[in-house]
Amino acid sequence: MQFAEPTDFAERETLFVEVILPLSLAINYTYRVPYELNDRIAIGKRVVVQFGKHKMYTALVKSICTQPPEFYQAKYIIDVVDDIPVINEKQFEFWDWIASYYLCNEGDVMSAALPTGLKLASETILVIREELPEELVLSEKENLIFQVLQKQQRMSIDDVVELLGQKTVYPIINSLIAKEIIFVAEEVVEKYKPLLKSFIKLNPFYKDQENLKQLFAILERAPKQLDALLAYLKLSRTDQAVPRQLLLEESACGQAALKALLDKDIFSLEKRQVSRLNQMGDEFEVNFELSPAQLHAFNEVQQGFEEKDVVLLHGITASGKTQLYIKLIEKAIANGGQVLFLLPEIALTTQIVERIKQYFGDKIGVYHSKFNDNERVEIWNKVVNGAYQVVLGARSAVFLPFKELKLIVVDEEHEASYKQHEPAPRYQARDAAVFLAHLHQAKVVLGSATPSIESFYNAQTDKYALVTLNERFGGVQLPLQQVVSIAEETKRKKMTSYFTSVLIDDMATALENKEQVILFQNRRGYATILICATCGYAPKCVNCDVSLTYHKTSGKLHCHYCGYHQSSINICPACGSVHIEQKGFGTERIEEELSLIFPEAKMARLDLDSTRTKNSLQQIISDFQDKKTQVLIGTQMVAKGLDFDNVSLIGVINADTLLNYPDFRAFERSYQLLAQVAGRAGRRDKQGKVCIQAYDESHRIIKQVMENDYLQMYADEMDERKQFNYPPFTRLIFVNVKHKDANVLQLASNQLASALRQQLGSRILGPEQPLVARIRNYYIKQIIIKIEKVAPVQKVKTILKDTIRDFNAQKDFKSVITQIDVDPY
DNA sequence: AGCACGCCGACT
DNA sequence: GTCGGCGTGCTC
C-alpha cells in the first residue's frame, strides 16, 4: 500500500472516451481507456479501436469523461495514434455545425474532412499458433489453409478467399480459431508514407584538403569514380548532401562507380524525407499597383469589414479582382494570420492559381481532389505547423486544420460546384466558409462577376456589405456581342447542321486570321425536352416556371418540382407546327459536324469525358495555348478561369438548352454562364467577338447578357422567386427516398410525405419523380420541403429528423433509404 | 461500412 | 446436405 498523491489519484481514474468513427453512424461510441494510456489520451487525437468483431478503425476522441456507460461494458481502446491532436477545437465546432445544419452524421463529416491518409486501414491477418493441439481433426478446406499457414506463418482473409475460391470463409476460419490452430491478428497500417529520397554524402575525412588530394590520386585510375567525385564537389557547394539521382545525372558515372565509392566508405548514403509537393522556385517580386478603381474598391472592402463580416465583391470580368484579392491576402497574413482562398475545382488548374503562387511563393498550398492521399496529408501538416499561411483549395479545403484564419476569399462564389451533392455531408462550401469565418472571427470576401441571387439578396438586405467594381482593368475592350436566331435561319434554310451562317462566317474569318475559336455547348443539352423546331416553343409547367421534361417511360411531360404532369404534345400549341423534336446533343456531335465544315482546323473537346485523368485537362489547355489546336469545343469548363490571348471568337451553340433546363435557377445560371463565356473573348489588345445562337433570341436573359445588365436580371429573378416561393424567400430541403422495389417506394414515399405533412402542412411538396427515377437499381422519389424564411429552421429540421427516424423504424420500411439535402443547390 | 445470423432456393 | 444470395440487426 502507498499513499496516493492527488495527481496520482487523478492518473488512476478510469477514463472513458466518446469517439467519432469514420462511418455513417447515427451515434458516437464510448470506449474505456486503459490506465497506461491515460496520460496520452486527449481530445482531437486519433485512437485505434475495435468496432464489431473483426474491424479496427481509427476513431477520433471527441470527449473524455469518468462516468462508465450505464447499459453496457465499454471495450478498451487499443492505442493512441497521435502525440498531438490532429483536430483542434474550432474544427470540432465546425464539424458540429455541418452535422446539424446539413442533417448528417458526425462520421460523415469526419470521412469528408480527414484526408484518407490520416485514416488508418485495418487488415485482418491470420496467424498460425506456435503450440498446436496434439490432435488435429481438420476438414479438407481447413487442412488446405493449415498447409499454407505452416509454410508462410500468416495470411490475409483475402488470401483465404483466393485459396479456396469461395467467398464464405468466415465459418471455416472460425472453426480453425475454435480448434486453437490459428488466431487473428488485426494490423493497423498507417497509410501515409513519407517520400524518401537517397542522398550522397562525402566522408568528412576528406574535408581536409590533404586527404582530398590523396583521394584524387587514388582515383586516378578509376575515371568513372573520379567523375562522380568531381560532380559531387561541384553540386555540394551549398548543401553537403547531394541527391543521388542528381549526382548520377550530372556525372554520368553510372551506378557501379557510385556503389564502389560507397563500398569504400568514401561516400555514404542517407535516406531523407522530402516533400512530395512541387518545390516552388525562388520567391520573386511581382510588382503591380492597383488602379484607382481597384484601390477605391480595396478601401471599400476594408470599410465593409468594419461593419460586416462578409463583403460581396461584384466585379465584372477583367476588372482585376485577382489583384484585389492578392492585396487583401497580403494584409491578412501580415500579422501571421491564415487565409483560405476557395475556388471552384476546375479553376484550380488555371492561371489564377499560378499568379497567386508566384506572388506569395512558398507560403502557399494548393488543395484539391486531384492530389493523392500522401500529398494531401502533407498539405494538412503544413497548415498545422504554419508553413502554409495561404491555402488555395476546392470546397473540401474548408476542413483543413486552420488555427487562426483572418480571411476567407470565395472566388466565383456563384459556382454550383461549391455544393457537394453526394455523399453526405451535402454541404455548400461557400456558406460553410461564412460560418467558419465566424468561428475564427475572420472576414469573408465573396467575389463574382455574376453573384448568386441569394448572395446579392444578402447584400441588398444589409447582411453583407457590397462593393462594386465595374471598370475593366487596363482598358480591355468589351467584346462585340451578337445574337443569332436559329428559328430565323432555319426558316431561310441557312443553317448548316447546328450552326448558323453567321457563326460559320465568323469562324471562317477567325481561322483565316490564324486566330482561335471557343465553342460552348452545355452538357445539360443531353436532357430530353420537347422543343418546336419551327418556333422554339418548349412546354412549361403551369405551377412552376420550369420546362417540362419528357419521360419516355410514361410518355408524359413532367415537372419535377411540383409533381405536375401532362400528356405529351404532337402539335405546337404556340404556332401549330407538327415539327416537335426531342432535344439533346452534346459536344462530340458538334465536333463531328464541325470537322465536316472545317476539315483543316484542328479541334479539341474539353468536357468531363475528355478530362478524367490528372493531366489531360492541362494537356488540352496547353495544346490550345500553344496553338496546336484552333478550335476548342467545351461545356461549362471553357467558361471558367481560362484566359487565352489569341481567342477572337466565342460561339454559344444553343443558349436555349440552358434556359429550358427544368430548375428554378435555370435563368440565373444561364445568365451567369453566358456572361462568363462572353467575358472570355479578346482580353488584351484586340476586341473579341461573341456569337450566341438561340431559338428564342429575344429572351430577356439573353438581352440582359448583351446589355450586361445584372441588376435587371436580379430584379426579374426576384419577382419570379417571390411569386413561386423559391429561395431566397424560402429555404429548400430535399428528402430523397430510395428503394429497390418501385411499389414499396411508392407506398413508403407517400407515407413519409403525409407524416411530414401532418406536422409541416403545405411546406411539404411531393413525393415527386426526379429526372432520373432509378440509379443503380434503386428507385428514387423526392419530397421537397419549402420553409418560409421567418419559420424556425432548426425546429423544422428536428421534426424532419424525428419523423424520418420513426418512419425508418416501421418494419415494412426498414430497407428504405432516406437522404436529406439541405439547400440543395 | 462490414459482418453475423437466419432464411431460402439451387446444385456438386 | 452444402453453398451462395439476400434481408436485417448490430457494432461501445
Side-chain angles (χ1 to χ4, degrees), chain A residues 14-34 37 41 46-80 104-114 116 119-126 139-142 144 156-158 160-178 184 186-188 191 422-425 738-741 743-745 748 776-779 805 807-819:
Chain A
T14 306
L15 299 179
F16 295 88
V17 287
E18 175 199 359
V19 300
I20 306 174
L21 284 150
L23 303 169
S24 193
L25 301 166
I27 54 159
N28 290 331
Y29 287 77
T30 303
Y31 285 82
R32 180 174 170 158
V33 182
L37 292 179
I41 202 84
R46 291 174 296 163
V47 289
V48 179
V49 294
Q50 185 172 31
F51 184 65
K53 280 203 168 141
H54 296 273
K55 271 283 163 188
M56 306 276 260
Y57 289 94
T58 32
L60 197 63
V61 179
K62 201 196 173 193
S63 66
I64 302 173
C65 68
T66 51
Q67 210 94 61
E70 239 181 289
F71 302 106
Y72 55 85
Q73 191 76 38
K75 273 189 193 163
Y76 277 102
I77 274 175
I78 301 199
D79 203 1
V80 178
C104 66
N105 299 318
E106 284 180 86
D108 293 325
V109 186
M110 178 175 171
S111 307
L114 280 188
T116 342
K119 294 172 226 159
L120 308 173
S122 89
E123 233 170 90
T124 308
I125 303 283
L126 309 179
S139 76
E140 205 177 311
K141 287 179 179 179
E142 287 170 2
L144 204 57
S156 72
I157 303 259
D158 282 348
V160 177
V161 171
E162 205 176 309
L163 177 71
L164 300 182
Q166 69 183 52
K167 284 183 179 170
T168 321
V169 293
Y170 271 103
I172 303 166
I173 289 168
N174 282 340
S175 157
L176 283 168
I177 294 169
V184 169
E186 192 77 21
E187 292 195 348
V188 174
K191 275 192 179 169
E422 203 65 33
K738 302 185 178 182
H739 197 266
K740 282 188 177 168
D741 186 323
N743 295 321
V744 175
L745 178 67
R776 292 161 148 270
N777 275 326
Y778 275 88
Y779 289 89
R805 199 192 345 96
F807 163 80
N808 264 330
Q810 294 176 62
K811 74 169 182 302
D812 290 345
F813 300 142
K814 289 229 155 105
S815 52
V816 178
I817 298 166
T818 48
Q819 297 175 329

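Numbered from 1 within each chain, the chains take letters A, B, ... in sequence-line order.
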Atom of A:Tyr57, atom of A:Pro22 and distance for their closest heavy-atom approach: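 A:Tyr57 and A:Pro22 have their closest heavy atoms at CD2-CG, 4.3 Å.
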Closest to the [X] side chain, choosing from [options]:
X	options	answer
A:Leu23	B:dA1, C:dC12, C:dT8	B:dA1
A:Ser24	B:dA1, C:dT8, B:dC5	B:dA1
A:Lys141	C:dC3, C:dT11, C:dC12	C:dC3
A:Tyr57	B:dA1, C:dT8, C:dC12	B:dA1
A:Lys53	B:dA4, C:dC12, C:dT11	B:dA4

How close or far is atom [atom2] of [N] from atom [atom1] of [X], stated in whole angstroms?
X	N	atom1	atom2	value
A:Phe51	B:dA4	CZ	C1'	14 Å
A:Gln810	C:dG9	CD	P	13 Å
A:His739	C:dT8	NE2	C1'	12 Å
A:Ile817	B:dA1	CD1	C1'	13 Å
A:Met56	B:dG2	CE	P	15 Å
A:Gln73	C:dT11	CD	C1'	15 Å
A:Tyr72	C:dC10	OH	C1'	13 Å
A:Asp741	C:dC6	CG	C1'	14 Å

Ignoring backbone atoms, test whether [X] places a side-chain nitrogen or oxygen under 4.0 Å from the OP1 or OP2 oxygen of [N].
X	N	answer
A:Tyr76	C:dC12	no
A:Lys55	B:dA4	no
A:Tyr29	C:dT11	no

Touch class at under 4.0 angstrom, heavy-atom based, for A:Thr30 against every strand present: base
Touch class at under 4.0 angstrom, heavy-atom based, for A:Leu21 against every strand present: nothing
Base of C:dC12 paired with side chain of A:Tyr31 (donor-acceptor, under 3.5 Å): no
Backbone of A:Val109 reached by a side-chain donor or acceptor of A:Glu106 within 3.5 Å: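 Such a contact is absent between A:Glu106 side chain and A:Val109 backbone.
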Heavy-atom side-chain proximity of A:Leu23 to A:Phe51 below 4.5 angstrom: yes
Pairwise side-chain contact, A:Ile77 with A:Val33, heavy-atom cut-off 4.5 Å (strictly under): yes
Identified side chain to side chain contact (heavy atoms under 4.5 Å, CB included) counterpart of A:Lys62 within the set A:Asn28, A:Val17, A:Val19: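 With A:Lys62 as partner, side chain to side chain contact (heavy atoms under 4.5 Å, CB included) holds for just one option, A:Asn28.
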